[in-house]
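Here's the structure, in structure tokens; my notes come after.
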Amino acid sequence: MSAPEFRHVIGHRFPGGTVAVPAWMNYLWGDAVAAPEDSAPYVHPVLVYYAAVQGAGITFQDIFDLMEASEDSGIMVGEQRFEFSEPVRIDTIYRVVGGITDVVRKSGRRAGVFDIATFELRLIDPSTEAQVALSTTSFIFPRGGAAQ
Amino acid sequence: MNYEVGQELPPLIIEAVDPEKMKIMAAILRDPNPIHFDPKRVSALGLGDRVVNQGPTNMSYLLNMVTRWSGGVPTLNSAAVRFLGNVFAGDRVECTGRVSAVDLAAGLATLEVKASVDGRPVLQGSVIVST
């Protein structure tokens, strides 16, 4: 039986919200990724990605649920993109909006069938409504059928 | 700093990826994927017996290399990275990069960056920095 495709997920909007990255989280992130020094007062650029997820009012499990995948099914990150208009600062409130922008089904002899879901998250300065950062992430959801 | 096409960034080496840092990352990210902290689940998926480093951590290594060289986080304009393979606990990760284009009028330089384990590319992409 073939798995259902997930084109209907395209356009799904996340609840949205606000986020401020506390200094302690930025410090621990820097430690976990062996950063040469604490990036404060600026948020480590890749932590912007998680801050955006949190501020959008979602968890990774929410995205896995939308794609009807369990966390132990071999989900992988395929691609990550960032655009910065200015550096994101710690202890500063940003508004976050975003959603699923694309879902594509692919297949390969080795990989089997898999779905690639892409979502965008925008950090916005609430005082100016200017976009500060854009994060675009693609997750790969294996669906089985790989060659043995 | 003067940016020139072909200029090589000083490489950044992670001598051995630490599985304990993966637990911190899983907690910060609230990432429920057990491949990052449970060796049994990694084995059950046929990936071996070492936990898998989170993609954001691997990308962080690359951007650490860039910002260390370019003058810090405020110099980052954009980044695009493809994840080509898993990085496991204990792996030695080598991050390298070179300047591939310079736009003097815009004040931007494009860097091609790569992270490898035992010569096997695990991440690849490009980063644009302000010059």
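Excluded from the calculations below are hydrogen atoms, water molecules and symmetry mates; all remaining heavy atoms, backbone and side chain alike, are included. Note that the coordinates shown come from a computational prediction; the quantities given were computed from them, not determined experimentally.
- Distance check, rounded to the nearest 0.5 Å: CD of A:E37 to CZ of B:R68 gives 11.0 Å.
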Evaluate side-chain contact (heavy atoms from CB on, under 4.5 Å) for A:H44 paired with B:V73, printing each intermediate quantity in order. CA-CA 7 Å; A:H44 190 285; B:V73 169; 6.0 Å; no

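- At least one donor-acceptor pair closer than 3.5 Å links the side chain of B:N64 to the backbone N or O of A:V33.
- Within residues 10-28 of chain A, the residues having any heavy atom under 4.5 Å from a heavy atom of chain B are, by residue number, A:M25, A:L28.
- Hydrophobic clustering, with ILVMFWY side chains joined whenever heavy atoms are under 4.5 angstrom apart, groups A:V132 together with B:L76.
- The CD1 atom of B:I28 sits 9.0 Å away from the OH atom of A:Y50 when rounded to the nearest 0.5 Å.
- The cluster map of Ile, Leu, Val, Met, Phe, Trp and Tyr, joined by side-chain heavy atoms under 4.5 Å apart, puts A:F60 and B:F83 in the same cluster.
- For A:V53, no part sits under 4.5 Å from any heavy atom of chain B, backbone or side chain.
- Cluster membership check: A:F119 does not share its hydrophobic cluster with A:V97, using side-chain heavy-atom separations under 4.5 Å among Ile, Leu, Val, Met, Phe, Trp and Tyr.
- At a threshold of 4.5 Å between side-chain heavy atoms, the hydrophobic network of Ile, Leu, Val, Met, Phe, Trp and Tyr places A:I58 and A:Y49 in one connected group.
- For the options B:V17, B:L29, B:D38, heavy-atom pairs under 4.5 Å to chain A are most numerous at B:L29.
- Ranked by heavy-atom pairs shorter than 4.5 Å toward chain B, the options A:Q61, A:E83, A:Q80, A:E86 are led by A:Q80.
- For B:I13, the CD1 atom is densely surrounded, since the number of other residues' heavy atoms within 6.0 Å is greater than 12.
- Listed in order of number, the residues of residues 40-63 of chain B that approach chain A to under 4.5 Å between heavy atoms are B:R41, B:L45, B:P56, B:T57, B:M59, B:S60, B:Y61, B:L63.
- For B:I24, the part lying under 4.5 angstrom from a heavy atom of chain A is the side chain only.
- The minimum heavy-atom distance linking B:M25 with A:W29 is given by the pair SD-CZ3, 3.3 Å.
- Taking a 6.0 Å sphere around CZ of B:R30, one finds it holds 12 or fewer heavy atoms contributed by other residues, nucleotides or ligands.
- With rounding to the nearest 0.5 angstrom, the CZ atom of A:F64 is 5.5 Å from the CG atom of B:D31.
- No single ILVMFWY cluster, assembled from side-chain heavy atoms under 4.5 Å apart, contains both A:L134 and A:V88.
- Between A:M76 atom CE and B:L84 atom CG the span is 11.5 Å, to the nearest 0.5 Å.
- Remark: A:F84 CZ to B:S78 OG distance equals 9.0 Å, nearest 0.5 Å.
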